[in-house]
Amino acid sequence: MPARTGAAYLQGLRERNTEVWLGHERIRDVTAHPALHRGARSVAHLYDMQHDPTLCDEMTYISPTSGERVGLSFLTPRSLDDLQRRSRMMLHWARYSGGMLGRSPDYLNVNITAAAAAAAFYAQNDARFADNIRNYYTYIRENDLCLTHTLVNPQANRALTAAGHPSAEIAARIVHETDAGLVIRGARILATLGPLADEIAVFPSTVLRAAADTAPFAFAFAIPCDTPGLRFLCRESFDYGHAPFDHPLGARFEEMDAVVIFDDVLVPWERVFLKGDAALCNAAYAATNAVVHMMHQVVVKDIAKAEFLLGVACLVVDALGATEFPHVHEKLAECIINLELMKACLRAGEADAALDQWGVMCPHRPPLDVARNVFPKMYPRMVEILQLLSSSSLMMTPPQSAFDSPVHDDIEQYFVVAKLAARDRVKLFRLAWDIACSAFGGRQVLYERFFFGDPVRMASALYGIYDKEPLMERVRQFLAREDES
Ligand SMILES: Cc1cc2nc3c(=O)[nH]c(=O)nc-3n(C[C@H](O)[C@H](O)[C@H](O)COP(=O)(O)OP(=O)(O)OC[C@H]3O[C@@H](n4cnc5c(N)ncnc54)[C@H](O)[C@@H]3O)c2cc1C
């Protein structure tokens, strides 16, 4: 099947019987429900971009098996050109939402693509698992399926987690093995896009102690989101049904986060990729380089998001007639620096890319790792800058209905600013508000802080992979110099 259209994606969701809960309500059709349908429509738009005649060549490539055009984020990069084609494609998707749809499908497409290319890694656990991951990759590529994922056990007792033990009664675990597959019981967090996805990848990330008692918690698999026994428990939706004028982001890009419950879910053997080996599970993302390919997607998203925030901040300053103040320049320069640093990280990651042991052209990890460590600090600061630059204008934001009310004349008269009429001013600052003040905006900040993992452990990972020895040796040599007294 060729790359899907938005209509095909939405039809696919309608045909699924995924168990999605929002408060007391079981949502039967996520494409029609007020809390989720506009987010679904935005994801559908991404799929439609694959069929836009002006973008099609950049968004898709020819499948090696079917000869059809399939989504380019499924391309296994073998050259620098492939990597750069992929980042151009991902930038088109990221710019559509100003980076606010963090879980555009490319995020997990590049994950599974890298995992399949490194199938031999999974064979170390069981030869069948290598075939399983290869077949799964081909299946999602040829059907252009949309994935969510869940890697983390719910916070229950951090002391246990820090010692490498999951909370045994809460964390998802293998409770039986049958001829048909594994039976999973327990919970995982936090499947972003879960209610709007076709499939869920349940991969390892929590660092497990390699011991017999952690074996039931060590696994990787992927199953359809409507597998019996699987439930998605949503947080409150940040799409309140208001017009895009009022909630320019929340009304479009609600991608939803859900806790995933496994109520004795049967995972067929052909969908199991790892089982019972904590050491392999702990190593999986790094050893297959899947994490680096995900960082590649993430830094592209960061660029689109930094561009968007800088663009909004510049419009705000321009609207208020504040373009000449040095402190304003300083704040905008900080946003420019953030954007240019993300672009430099992407470029450096691609420029120093090399073929890895799996024959995949893999971006150079350190610059991308720098990006994923620093953007969680940059993003909240850019939001703060937007607040500082906008100040009370973030509150001079009456809903659109005020323009059709008895106070209409007041608004037209008193809400003008240096460069904008009242309506355009309110429209702009409602966007700034949806970034800097709304629940949608607050969730974006939290997302950037945590979605790629705990910042402390991400920093430890960077410290761990970084080649420090040459630097230490240079200093040793400096200390040993006897040419100066
Ligand atoms: C908006 C949002 C969307 C998300 N979407 C997804 C998603 O789609 N899929 C997904 O899988 N996850 C998702 N996450 C979850 C994300 O991966 C986690 O929040 C992140 O990994 C941190 O885990 P935690 O929240 O359980 O915090 P913890 O891991 O509990 O970390 C909290 C503190 O405990 C310490 N700690 C805990 N365990 C250890 C340990 N073993 N070693 C060292 N220190 C430890 C940490 O240093 C940290 O200071 C999302 C999170 C957010 C906020």
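As the structure is a prediction and not an experimental result, all values here were calculated from the model. Order of listing sets the numbers, starting from 1, for every ligand and every atom in it.
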Handout entry: Per-atom contacts of ligand 1 with V152, taking only distances under 4.0 Å to non-hydrogen atoms
Key = 11 (O), 17 (O), 21 (O), 26 (O)
Handout entry: Distance-only N or O hit between ligand 1 and R103, under 3.5 Å
Key = yes
Handout entry: Close N or O approach (T148, ligand 1; < 3.5 Å)
Key = no
Handout entry: Proximal ligand 1 atoms for L446, defined as those under 4.0 Å from one of its heavy atoms
Key = 53 (C)
Handout entry: Atoms in ligand 1 flagged as close to D454, the criterion being non-hydrogen separation under 4.0 Å
Key = 20 (C), 21 (O), 22 (C), 46 (C), 47 (O), 48 (C), 49 (O)
Completion exercise
ligand 1 to T150, heavy atom cutoff 4.0 Å, flagged ligand atoms 11 (O)
Practice task
Kindly confirm or rule out an N or O of L190 lying under 3.5 angstrom from an N or O of ligand 1.
Solution key: yes
Exercise for the section: Examine ligand 1 and decide if any of its atoms is less than 4.0 Å from a heavy atom belonging to R188. Expected result: no
Practice task
Report yes or no: does R16 contribute a side-chain atom to a donor-acceptor pair with the main-chain N or O of D226 at less than 3.5 Å?
Solution key: no
Handout entry: Closest heavy-atom pair and its distance - T60, L72
Key = O-CD1, 3.4 Å
Problem - For ligand 1, the portion of D257 having any non-hydrogen atom under 4.0 Å away - result: side chain
Problem - F452-F375 aromatic ring centre distance below 6.0 Å - result: no
Practice task
Please could you name the atoms of ligand 1 that F451 approaches to less than 4.0 Å, counting only its heavy atoms?
Solution key: 17 (O)
Practice task
Flag L151 as yes when one of its N or O atoms lies below 3.5 Å from any N or O atom of ligand 1, and as no otherwise.
Solution key: yes
Fill in the blank from the handout: If we number the atoms of ligand 1 from 1 as shown, the ones under 4.0 Å from a heavy atom of G453 are 20 (C), 21 (O)
Exercise for the section: Taking only Lys NZ, Arg NE, NH1 and NH2, and the carboxylate oxygens of Asp or Glu, determine whether E334 and K331 approach each other closer than 4.0 Å. Expected result: no
Practice task
Could you tell me whether R457 approaches ligand 1 through its side chain, its backbone, both or neither, with non-hydrogen atoms closer than 4.0 Å?
Solution key: side chain
Completion exercise
From the list F451, F203, Y107, ring pair (Phe, Tyr, Trp, His ring centres under 6.0 Å) partner of H149 resolves to Y107
Completion exercise
Minimal heavy-atom distance between C225 and T148, with the atoms involved, is SG-CG2, 4.2 Å
Problem - ligand 1 atoms in contact with H149 (distance to a heavy atom under 4.0 Å) - result: 7 (C), 8 (O), 9 (N), 10 (C), 11 (O)
Handout entry: Taking every non-hydrogen atom, the tightest pair across V265 and P228
Key = CG2-O, 3.7 Å
Exercise for the section: Grab the two heavy atoms, one from D239 and one from P34, that are nearest each other, plus how far apart they are. Expected result: OD2-O, 3.7 Å
Problem - Set of ring pair (Phe, Tyr, Trp, His ring centres under 6.0 Å) partners for Y9, sequence neighbours left out - result: Y47
Problem - Backbone or side-chain N or O of T192 under 3.5 Å from ligand 1 N or O - result: yes
Problem - Side-chain (R372) to main-chain (L368) donor-acceptor, under 3.5 angstrom - result: no
